[in-house]
Amino acid sequence: MIAKVIVDVPTSQTDRLFDYDIPKEWEEIIQPGLRVIVPFGPRKIQGFVVDVAKESTFHKTKPIDDLLDVVPVLTDELLSLGAWLSEETLCFQLSAYQLMIPAALRTKVKKELRLLAHIETVPPSIRPYFQGGKNPLWNDLLKDNNVSLKEIQQAVKEERLEVCYQIEEKGKKKTERYVKVSEKSTVKDIPARAAKQRELLAYIQSLGQPISVQLLLQETGMTRQTITTLVKKGFVQEFEKEVYRDPLAGVEYEQTSPLKLTEQQQEVITPILDSLETKSHHTFLLHGVTGSGKTEVYLQAIDQALQQELEAIVLVPEISLTPQMVQRFKGRFGKKVAVLHSGLSMGEKYDEWRKILRKEVQVVVGARSAIFAPFTNLGIIIIDEEHETSYKQEENPRYHARDVAIFRGKHHQCPVILGSATPSLESYARAKKSVYKLLPLTERVHSRAMPTVQVVDMREELRNGNRSMFSYALLEKLRDRIEKGEQTVLFLNRRGYSTFVMCRDCGYVATCEHCDISLTYHRTHHTLKCHYCGHEEKMPNKCESCGSEHIRFFGSGTQKVEEELTRVLPEAKVIRMDIDTTRRKGSHERLLSAFGRGEADILLGTQMIAKGLDFPKITLVGVLAADSMLHIPDFRSAERTFQLMEQVSGRAGRHDLEGEVIIQSYTPDHYSIELVKSHDYEQFFQMEMNQRKVGLYPPYVFMVLITISHPELTNVITVSEKVVSFLKRELLESTTVLGPVASPLARIKDRYRYQCMIKYRNEPRLLETLREIRQHFIREINQGNLQVSIDLHPYLFT
DNA sequence: AGCACGCCGACT
DNA sequence: GTCGGCGTGCTC
């Protein structure tokens, strides 16, 4: 029998199957999805078995060396998903499979030296390494300049030393020491004067089951010595037991039960339940305004899946994986839930993952990579806040969790639900074309009103002599809330901190005459540049629109805002939440719960406070600079602005008190800001779609971004030009190839970067052509200087 | 990725 | 004549 193996060597030359003999004794055991150790040239490496066959066309097959697993770590479905993913994202199959297993399982095979003869026979320089019967690692010897490799090689040849391969598994299963009573031991057998021992044995006996040593000590107040004596005398046995690391140890979740659904909720859940019951795949776009009760719909749909003995995956954006969110799922489904996010340690992630593999949980709540949870009976997949860009991985493999979800939905014939108050244009357009099924939730639960939104024109403020970052209207309302003891959320968007140029008098922003996208200021040449078409112009001294000299770059930090806030409102208690104040583990939750307890009047923060906040006393939301994101040179900037404004507005008035929103802007007339007033997603969608049509952007076209980098600028330019002319030659006439132009980040780590862009509607030879490009530059790539990164459906243009 | 093989310059 | 530089190519 032959195993087809993907070896752990991430290069394009080895990105194919290698055949290995399966030794007789393993024929029953080896199956697809197992990890194995195989000989590869002169060394031993790890690999994934992806298939088993009768025979090989290769005539010099070697046998598999060792097994790393007994139970497959990849299911058949995940194996085929990996193959598909590597096709679609142009990554190595190996990388796709590594994505699906926890980091703890990504083993390294290390080379170590062992003594075959007496220590005196090996070179003196390496003798110290063998002290205490140790086997030194090859790499450690290499680092030592006194050690001569020649001598080692000689010793190996003469069989005084041998080179062995040691598997180093990073993920250790956590164990604890347990004790249990030995058979037929009785208290009577212990001398009466050993009262402590008697008492302890009796206690363990009374439990009727093994107990962890730590817990035993805690509960009885005895010393370790007493236990050891009992063990020595043979009355009890001590052993290691595997335990799970519990990141949420001690946290109690209040059990919740299903709420009565509103009429609208009932309407949207019906087709989902239908899809579940008939086991047919549909992708639903659940478009529900903030506060419309999407989560309750998710919960009840999952409940239905569980009743059918099926499993569920829920994806949540990383930043909203707060205890508040986890609470809602744990509260309803208790121990059936595993949580996977980046805040967990490697060991904790490994444990959560193993619970899934062993079918000890049926629901996974997690960030992007949780979409690969090794379930085998999926009943439903939910992607909350579907428009979030964090669902796209920005490094290889550059996959989008939405695409993976739909692949798995089709495989399991189960519903996929994309939920959002502000769907991505791509998804909404698909829903309009009936590719997805649109499920609208237009009302908030308990018929609460949407918050009223007031847009303040900051140009006007400036004209009225207000040079501060707070408008009169916002200040007045802030004072009002403090007086009433109500709370305010102040939102400052730091993304787009960078370098767009704007006139403080008229709001004019320098844009590219060819692309209708704001220009980026380049300090090096004091110029303005377009990152899409390469257009370049001089940085103006005066506003081109009104002639004012108040033209400047934009950007302001939370810290500065906080200072100013304490100056103008000294009585206000402020909690600041940004990357700086939430870096430490748990500080995120601490700050939020402090705010929830009413320990502050104002919560000031960035992105991270835009989501999931649900506190009854928040009645005012202020957005300090709504435009900051609008002028990022990205065709999605208007979409992101609208989404964010809506998202932030949703924080206000979610309970009995009515909510109010103040948005400060220098471009109050822009539709992405204007339309927040009426919370009119539909209208925004229409406007933005027009823009996309004119500019030829998704969803009207698909895009591919190719980034070329090299330490030598001239090299980057030559290669980029070759790439572009090759693309133009190979691809259809209807396809647009743009560039090459310097990337927005024109140099990273001493490497120059150029990019080109493909826009296409239908391009059957696309993947093939892109693969050819990689292949063509393979030599230069292998020499390690050239990098060609290919991003299909990019979300980031740096 | 590693590692071997192989073909040229510098040296005991 | 040999040692060692790293360009090239292979690994079931």
Side-chain angles (χ1 to χ4, degrees), chain A residues 1-24 26-27 30-68 79 83 86 90-99 103 105-113 136-143 145 147-157 161-168 170 395-397 710-712 715 774-789:
Chain A
M1 294 288 274
I2 293 292
K4 307 256 176 197
V5 175
I6 292 284
V7 293
D8 186 14
V9 182
T11 56
S12 53
Q13 293 151 72
T14 50
D15 185 31
R16 58 191 177 86
L17 296 173
F18 287 84
D19 294 355
Y20 287 90
D21 287 327
I22 302 177
K24 266 265 161 349
W26 287 338
E27 278 189 357
I30 290 196
Q31 49 180 316
L34 283 179
R35 293 172 306 148
V36 288
I37 297 291
V38 290
F40 198 64
R43 62 214 170 100
K44 294 205 167 73
I45 57 168
Q46 197 205 134
F48 289 94
V49 176
V50 298
D51 204 358
V52 174
K54 281 249 147 50
E55 50 197 37
S56 173
T57 50
F58 194 79
H59 46 274
K60 281 187 291 189
T61 50
K62 293 179 183 176
I64 290 176
D65 200 75
D66 206 352
L67 298 175
L68 281 173
L79 285 169
S86 74
L90 301 171
C91 73
F92 306 133
Q93 275 194 68
L94 173 76
S95 321
Y97 293 138
Q98 277 181 335
L99 205 61
L105 285 185
R106 278 168 231 162
T107 53
K108 276 258 172 268
V109 184
K110 289 214 165 174
K111 243 172 30 166
E112 69 174 28
L113 276 181
L137 289 174
W138 182 266
N139 279 355
D140 292 342
L141 294 181
L142 274 184
K143 278 183 219 142
N145 290 329
V147 174
S148 129
L149 280 182
K150 263 225 109 91
E151 285 181 318
I152 297 178
Q153 269 174 346
Q154 190 62 29
V156 171
K157 235 178 235 169
L161 282 176
E162 104 183 294
V163 180
C164 289
Y165 290 86
Q166 197 63 35
I167 303 146
E168 191 187 76
K170 290 186 213 144
E395 64 218 45
N396 263 318
H710 192 279
E712 304 285 337
N715 251 316
R774 274 250 179 96
Q775 204 52 43
H776 188 262
F777 295 103
I778 196 89
R779 181 169 302 172
E780 283 144 280
I781 291 171
N782 278 345
Q783 280 167 357
N785 287 327
L786 183 68
Q787 272 174 25
V788 179
S789 118

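Throughout, protein chains are lettered first and strands after them, A, B, ... in sequence-line order, and every chain is numbered starting at 1. Since we're looking at a predicted model, the values are computed, not measured.
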Taking atom [atom2] of [N] as reference, at what distance in whole Å does atom [atom1] of [X] sit?
X	N	atom1	atom2	result
Q46(A)	dT11(C)	CD	C1'	17 Å
R43(A)	dG2(B)	CZ	P	5 Å
I45(A)	dG2(B)	CD1	P	9 Å
F92(A)	dT11(C)	CZ	P	18 Å
I778(A)	dG9(C)	CD1	C1'	13 Å
I64(A)	dT11(C)	CD1	C1'	16 Å
R779(A)	dG9(C)	CZ	P	6 Å
R16(A)	dC10(C)	CZ	P	10 Å

(Q) I'd like to check L68(A) versus V36(A) (side-chain heavy atoms, cut-off strictly below 4.5 Å). Are they in contact? (A) no

Q: Kindly indicate whether the side chain of L786(A), heavy atoms from C-beta on, has any atom under 4.5 Å from the side chain of N715(A).
A: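 Counting from C-beta outward, L786(A) and N715(A) never come under 4.5 Å.
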
Q: If the plane angle is over 60° it's perpendicular, under 30° parallel, otherwise tilted; pick one for F18(A) and F40(A).
A: perpendicular

Q: Describe the nucleic acid contact of T61(A) in one word from base, sugar-phosphate, nothing, applying a heavy-atom distance below 4.0 Å.
A: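 Sugar-phosphate: the residue T61(A), judged by heavy atoms under 4.0 Å, touches backbone atoms but no base.
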
Q.
Ring of F777(A), cation from R779(A) - is the NZ or CZ under 6.0 Å from the centre and inside 45° of the axis?
A. no

Q) Quick one: is K60(A) getting a side-chain N or O under 4.0 Å of the dC12(C) phosphate, OP1 or OP2? A) no

